[in-house]
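Note that this is a predicted model, so its numbers are computed, not measured. Lettering follows sequence order; numbering is per chain, from 1.
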Amino acid sequence: MPIHIEPTDVLRLKQRREFLRVAGAGHKWVAPGLILQARTHMPGEAFKVKENDEGKDGNDANGFRLGFTVSRKVGGAVDRNRARRRLRAAAERVMPRHAKHGNDFVLIGRRATLKRRFQALVGDLQTALRKLDAYEE
RNA sequence: CCAGACGGUCGGAUGGCCGCUCUUCCGGGGUUCGCCCCGGCGGGGAGGAAAGUCCGGGCUCCACGGAAACACGGUGCCGGUUAACGGCCGGCGGGGGCGACCCCAGGGACAGUGCCACAGAAAGCAAACCGCCUGACGGGCUUCGGCCCCAAGGUAAGGGUGAAAGGGUGCGGUAAGAGCGCACCGCGCCGCCGGUAACGGGGGCGGCAGGGUAAACCCCACCGGGAGCAAGACCAAAUAGGGGCGGCAUGUUGAAUUUAUUCAGCAGGCGGGUUUCCGCGCCGCCGCCCGGGUAGGUCGCGCGAGGCGUCCGGUAACGGGCGUCCCAGAUGAAUGGCCAUCUAUCCCCCCUCAUUCAUUUGCGGGGGGUGGACAGAACCCGGCUUAAAGACCGUCUGGCUUU
RNA sequence: GCCGCCGUAGCUCAGGGGUAGAGCGCGCCAUUGGUAAUGGCGAGGCCGAAAGUUCGAUUCUUUCCGGCGGCA
């Protein structure tokens, strides 16, 4: 059965070692409002891309995964939550259409994420995808 | 009206688009009949501090026969309140303020021990450095009145040191002084009166003994078993390993016979470039079952010392009755993102009026910009502490004006 | 989330009521032809912050701030 991916329900990166693996791939772009890291899936690597599939037969090129990180340098809990929510809102507008499948992405919040105008933040994400050669359409 | 004291409430608003999480109900699908998944209409969704983790409890596990004592830790005026508290309320004492009110780590220093640097004569059974006073014998001077030096003694008034020098002020007194005597204040002891008590009032006696430090050891009284929801309980993959059963498989010996099978016993085989010796490592394959247990998941997890209203008791904290409501449950962690308008605030410009030496200051109006303080539940509750814009309400105090 | 520990010179640490030290480092001088080593001299500290106790606090008490570690 072919796996259909809805634009909105993308699997989130949740565990620390997944974040470390993406960071270890070494592909990142620093934009004024955010930092984007990316890692291409290895061939034969089997991930659960949707929550309810069994993660078996090689669907590795058929989706992408996304994680968010905001460190304590940005501020207290309120500021960090706010930065992550703005990143998530920007990702909801850009990623489902333009993110190249078969990748893991990590979005890192910066201090400027709080104050930057939202349209500029969306633009930051798009240019970051282009610079990492992960932009489609 | 101005300035202030105390207590309480709220903590941006409205609309639009796109989302998150929990959930009643409905529909569909799956199911090991426990439930799970998908979709839909509705409903709920951060704080007064959610914070710091400083106290007290509930709850859970561990330890433990009961009680007491000891050790350690905590608390510390008195009475009340509470599930409990180091909280709160009321009172007492001390300090501050014109006042409303505010602040206080506020038991014991004759139970004992220690410490009090430097300075100073002396710092704890007090003490004589300078001074002051008396002044034998002797000496010196003499205007023959006396004066000076010296042994010894008296003295805590004065000087000086210090945070602190053994009651304070005044009068008397004296050789000089001194609670030596007296008055007032302070202090101690003993009755009396008021108060549950802390304590207060007043009386008598005592001539002053008893410096400070207990957030030094300590004494006294009271309280306390330890750990914490990452507590704890349950389900449990892959991989490796443990145990059991069955089947297949290696060599050899023996026996039985149905002549290729069964039974019993023994062990050997493989690995490094080769051989010998020694040492080392591995021992098969398949299936099923069992228990431990990791990742992961589920529960614990929100009806509670609950909120609101009202009545009663109480000065109050608080307690009781009745009615009513159901009010967050996430886990890379939801409760939001974006836009518009309004609004609090602050800044700039212009105008009218008042004011001023002065576009100096202020009320009002208009325009533009900025743009909401501190801060995010993580098992729950009662407090404390800390952080921080602004708005509103009530009670009270001190002024000013008017009546 | 919970539980601990630590903040003293540029760095690593002593000091636990009487006014702050050691080692390394830094500066100057001596030694040497010169450097290192060695020796001498010296600078450098509101003892993380604020209240309180005390005559006096780096030390004792309380409350904050910052850093580090442990617990599935």
Worksheet item: So, is A:Arg82 close to the B:G336 phosphate, meaning a side-chain N or O under 4.0 Å from OP1 or OP2?
Response: no
Worksheet item: Is B:G287 in the syn range, within 90° of 0, or in the anti range?
Response: anti
Worksheet item: When you check the glycosidic angle of B:G86, does it come out syn, meaning within 90° of 0, or anti?
Response: anti
Worksheet entry | Watson-Crick or G-U wobble partner of B:C137, both distances under 3.5 Å | none
Item to complete: Taking the side chain as every heavy atom from C-beta outward, state whether A:Gln126 and A:Arg130 have any atom pair closer than 4.5 Å.
Response: yes
Discussion item. Suppose we define a pair by two distances each less than 3.5 Å, Watson-Crick or G-U wobble; what does B:C59 pair with here?
Written reply: B:G228
Worksheet item: Between A:Lys100 and A:Leu132, is any pair of side-chain heavy atoms under 4.5 Å apart?
Response: no
Worksheet item: Taking the same atom, P, in B:A119 and in B:A163, what whole-Å distance lies between them?
Response: 13 Å
Practice prompt. Decide yes or no for A:Leu129 and A:Val94: does some side-chain heavy atom of the first lie under 4.5 Å from some side-chain heavy atom of the second?
Written response: yes
Item to complete: May I ask you to verify if any side-chain N or O of A:Arg85 is less than 4.0 angstrom from the OP1 or OP2 atom of B:U335?
Response: yes
Fill in: Side chain A:His98, main chain A:Glu136, donor-acceptor under 3.5 Å
yes
Practice prompt. Could you tell me which nucleotide pairs with B:A221 by Watson-Crick or G-U wobble geometry, both distances under 3.5 Å, or answer none if nothing does?
Written response: B:U75
Item to complete: Report yes if at least one side-chain N or O of A:Arg86 is closer than 4.0 Å to OP1 or OP2 of B:C338; otherwise report no.
Response: yes
Worksheet item: Mind checking the C1' distance from B:G398 to B:C308? Whole angstroms is fine.
Response: 40 Å
Worksheet item: What is the base-pairing partner of B:U355, counting Watson-Crick and G-U wobble geometry with both distances under 3.5 Å?
Response: none
Worksheet item: Does A:Gln119 or A:Asp79 map to a spot on RNA chain B nearer the 5' end, using the closest nucleotide for each?
Response: A:Gln119
Item to complete: Return the value, rounded to whole Å, for the distance between atom CZ of A:Arg80 and atom C1' of B:A51.
Response: 13 Å
Discussion item. I want to check one thing: is the phosphate of B:A334, taken as OP1 and OP2, less than 4.0 Å away from some side-chain N or O of A:Arg84?
Written reply: yes
Worksheet item: Does A:Arg93 make a side-chain N or O approach to OP1 or OP2 of B:G19 shorter than 4.0 Å?
Response: no
Discussion item. If the glycosidic angle sits within 90 degrees of zero it is syn, else anti. Tell me which applies to C:G16.
Written reply: syn
Worksheet item: Rounded to the Å, how far apart are A:Arg88 CZ and B:C338 P?
Response: 12 Å
Response to the item:
As its Watson-Crick or G-U partner within any shown strand, both distances under 3.5 Å, B:A237 has none
Discussion item. With the criterion set at under 5.5 Å between ring centres and under 30 degrees between planes, would B:G332 be stacked on A:Phe19?
Written reply: yes
Worksheet item: Say you pick atom C1' in B:G300 and the same atom in B:G40; how far apart are they, in whole Å?
Response: 33 Å
Worksheet item: What's the base orientation of B:G99: syn (chi within 90° of 0) or anti?
Response: anti
Discussion item. Expressed as a whole number of angstroms, how long is the span from A:Arg21:CZ to B:G332:P?
Written reply: 17 Å
Item to complete: Using atom NZ of A:Lys115 as one end and atom P of B:U370 as the other, report the distance to the nearest whole Å.
Response: 12 Å
Fill in: Pairing annotation in dot-bracket form, given for RNA chain C with Watson-Crick or G-U pairs under 3.5 Å and | for cross-strand partners
((((((((.[[[[.)..(..]]]].(((((.......))))).....[[[[[..)....]]]]]))))))).
Worksheet item: In whole Å, what separates the C1' atom of B:A215 from that of B:C104?
Response: 15 Å
Response to the item:
Whole-Å distance, A:Glu18 CD to B:A295 C1', equals 13 Å
Item to complete: Check every strand shown and say whether A:Phe118 touches a base, only sugar-phosphate, or nothing at a heavy-atom separation below 4.0 Å.
Response: sugar-phosphate
Worksheet, complete the sentence: When both distances are under 3.5 Å in a Watson-Crick or G-U wobble arrangement, the nucleotide paired with B:C88 is B:G80
Discussion item. Please report the distance, rounded to the nearest Å, between CZ in A:Phe68 and C1' in B:G19.
Written reply: 12 Å
Worksheet item: Of A:Gly76 and A:Glu92, whose closest RNA chain B nucleotide lies nearer the 5' terminus?
Response: A:Glu92
Practice prompt. Provide the distance between the two P atoms, one in B:G291 and one in B:C235, to the nearest whole Å.
Written response: 10 Å
Fill in: Residues that A:Arg86 engages under salt bridge (charged side-chain N to carboxylate O under 4.0 Å, His left out), provided they are two or more places apart
none
Worksheet entry | Counter-base of B:A391, judged by Watson-Crick or G-U geometry with both distances under 3.5 Å | B:U9
Discussion item. So does A:Val106 get a backbone contact from the side chain of A:Arg39, meaning a donor-acceptor N/O pair under 3.5 Å?
Written reply: no
Item to complete: Could you give the distance separating B:C280 and B:A249 at their P atoms, to the nearest angstrom?
Response: 34 Å
Item to complete: Kindly label the base of B:G145 as syn or anti, based on whether its glycosidic torsion lies within 90° of 0.
Response: syn
Worksheet item: Below 4.5 Å, heavy atoms only, C-beta onward: do A:Asp104 and A:Glu18 meet side chain to side chain?
Response: no
Fill in: Pairing partner of B:U213 (Watson-Crick or G-U wobble, both distances under 3.5 Å)
B:G114
Item to complete: Figure out the CG/P separation between A:Leu114 and B:G372, and round it to whole Å.
Response: 12 Å
Worksheet item: Between the side chain of A:Asp124 and the main-chain N/O of A:Gly33, is any donor-acceptor distance below 3.5 Å?
Response: yes
Practice prompt. Determine the interatomic distance between P on B:C41 and the same-named atom on B:G19; round to the nearest Å.
Written response: 12 Å
Practice prompt. For residues A:His27 and A:Thr40, determine if any side-chain heavy atom of one lies less than 4.5 Å from a side-chain heavy atom of the other.
Written response: no
Worksheet item: Just wondering, do A:Leu107 and A:Leu36 contact through their side chains at under 4.5 Å, heavy atoms?
Response: yes
Discussion item. Between B:G200 and B:G99, how far apart are the two P atoms, rounded to whole Å?
Written reply: 22 Å
